[in-house]
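Here's the structure, in structure tokens; my notes come after.
Model, not experiment: these values are computed from the prediction.
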Amino acid sequence: ACAASDRENTSKDSPAGSTEIYVVPADGGAPWKLSGALDRRSGSPVWSPDGKWIYFSAADGGARHAYRVSPDGKMLVQITRGPCQITSFSLSAQHLVCTLHDEAHPAEIHRFDLNGEKGDPLTDFNAAWCAEIRTVQADPFTFSTFDDLTVHGWVLKPAEFEEGQHYPAVLSIHGGPHGAYGHTFRPAHQALSGAGYGVVYLNPRGRAPATARPLPTAAWATGEAATTGTSCSASTPRSSATPGSTRTTSASPAAATAVL
């Protein structure tokens, strides 16, 4: 089993990152796709100890969850659920063990029952730190773009937020076109929230959680500025941002330039 892509690069700045799950005969031959019906960026395939399933992780709508698929691709089952992301995972005959985190909680090790979706935390390494620091859970939202695409975003309110008050806001832009925000713990966002800022971030046009088929670079760049500008208007009522107070931070100079 492997993660691979049958698509060409859609950006000169990054490789074709939208991999899906394939099986290749051990003695050679043509590979066949197992996760095509899911149509999400997938990776980290692992055979179950009994050889009956292939477990992998996939991104969807800001979350990243564990799935299993039969070797013939006919049965696909989601194992973990909810607004969170899992990263590294390991298998036994009865359990899947992984690191799991969300916007307000740093990663801890969790154990899931392979037959019942029930999960339990095994560690609490960050308990003392979390008791001292006020972290904030993000509020998700969606809006329609000028060309009728649905875009997914989040608002992280200031840690000392009070209803009816207005606050400065930061629009946080990630690089693209393969990168994506989601239900993941980001210390920089929490630091901005603790300093009294609202934080707005989103996944415009062709990001990984939406589909395994990213848009070509030209299509991504053309609509980036308009989409990001719309996000400021759509998120203002949720973030209580003071009009004219929004500032921008970006992990990608190209993305920031497109917006500015």
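- Criterion: ILVMFWY side-chain heavy atoms under 4.5 Å apart, direct or through other members. Under it, Phe89 and Phe185 are not part of a common hydrophobic cluster.
- Proximity of His110 to Asp120: side-chain heavy atoms (C-beta onward) are nowhere separated by under 4.5 Å.
- Under the 4.5 angstrom side-chain criterion for Ile, Leu, Val, Met, Phe, Trp and Tyr, the cluster partners of Val97 are Ile109, Leu122.
- Every residue two or more places apart in sequence or in another chain that forms a side chain to side chain donor-acceptor pair (under 3.5 Å) with Asp72 is listed here: Ser70.
- Connection of Val77 to Ile21 is not established within any shared hydrophobic cluster, with ILVMFWY side chains joined at heavy-atom distances below 4.5 Å, either directly or through further cluster members.
- Two residues are said to be in side-chain contact when any heavy atoms from C-beta on lie closer than 4.5 Å; Ile79 and Arg68 meet this criterion.
- Residue pairs satisfying the side-chain hydrogen bond (donor to acceptor under 3.5 Å, both in side chains) criterion with at least one member in residues 82-91, sequence neighbours excluded, are listed as follows: Thr87-Thr99.
- With contacts defined as side-chain heavy-atom distances shorter than 4.5 Å, the pair Leu202/Leu171 qualifies.
- Contact check for Cys2 versus Val24: side-chain heavy atoms found under the 4.5 Å cut-off.
- Here CG of Leu149 is found 8.5 Å from OG of Ser144. Values are rounded to the nearest 0.5 Å.
- Closest of all the heavy-atom pairs between Ser92 and Leu114 is O-CD1, 3.7 Å.
- Nearest heavy atom pair, residue Cys84 against residue Leu100, reads SG-CD1, 3.8 Å.
- The one candidate from Arg41, Arg40, Lys33 that meets the salt bridge (charged side-chain N to carboxylate O under 4.0 Å, His left out) condition with Glu20 is Lys33.
- Between the side chains of Asp113 and Gln94, no donor-acceptor pair of N or O atoms lies under 3.5 Å.
- Under the 4.5 Å side-chain criterion, counting only non-hydrogen atoms from C-beta, Val151 is not in contact with Thr142.
- Smallest separation of non-hydrogen atoms from Val199 and Ser172: CG1-CB, 4.2 Å.
- Scored by the side chain to side chain donor-acceptor pair (under 3.5 Å) test, His95 finds no partners at all (sequence neighbours excluded).
- Residue pairs that meet the ring pair (Phe, Tyr, Trp, His ring centres under 6.0 Å) test with at least one member in residues 52-80, sequence neighbours left out, are Phe56-Tyr67.
- One N or O on the side chain of Thr80 and one on the backbone of Ala66 form a donor-acceptor pair closer than 3.5 Å.
- In terms of heavy-atom proximity, Ser42 sits nearest to Ala3 at O-CB, 4.0 Å.
- Under the 3.5 Å distance criterion, the side-chain polar atoms of Ser48 are matched with a main-chain donor or acceptor of Lys52.
- Side chain of Asn126 to backbone of Ala107: a donor-acceptor contact under 3.5 angstrom is found.
- In this structure a side-chain-to-backbone donor-acceptor pair under 3.5 Å is present from Tyr167 to Glu162.
- Leu91 and Val69 fall into different hydrophobic clusters, where Ile, Leu, Val, Met, Phe, Trp and Tyr are joined by side-chain heavy atoms under 4.5 Å apart, directly or via other members.
- Criterion: ILVMFWY side-chain heavy atoms under 4.5 Å apart, direct or through other members. Under it, Val170 and Tyr181 are part of a common hydrophobic cluster.
- Contacts of Ser193 classified as side chain to side chain donor-acceptor pair (under 3.5 Å), with partners at least two apart in sequence or in another chain: none.
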>> If you apply the rule salt bridge (charged side-chain N to carboxylate O under 4.0 Å, His left out), what do you find for Glu160 with Arg134, and how did you get there?
In response: CA-CA 9 Å; Glu160 303 292 338; Arg134 178 179 293 184; 3.2 Å; yes
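- By the 4.5 Å heavy-atom criterion applied to side chains, His183 and Trp154 are counted as neighbours.
- Atom CZ in Arg64 sits 8.0 Å away from atom CD1 in Ile86 (nearest 0.5 Å).
- Both Phe112 and Val46 sit in one connected hydrophobic cluster of ILVMFWY residues. Membership requires side-chain heavy atoms under 4.5 Å apart, directly or through other members.
- Remark: side-chain polar atoms of Glu103 are not paired, donor with acceptor, to backbone N or O of His105 under 3.5 angstrom.
- Summarising the geometry, atom CD belonging to Gln78 is positioned 8.5 Å from atom CG belonging to Leu38; distances are rounded to the nearest 0.5 Å.
- For the residue pair Pro106 and Cys130, the shortest heavy atom distance occurs at CD-SG, 3.7 Å.
- There is no side-chain donor-acceptor pair under 3.5 Å between Gln190 and Thr135.
- Side-chain contact between Pro71 and Trp47 is present, with heavy atoms from C-beta onward closer than 4.5 Å.
- Asp102 and Pro83 get closest at one heavy-atom pair: CB-O, 3.6 Å.
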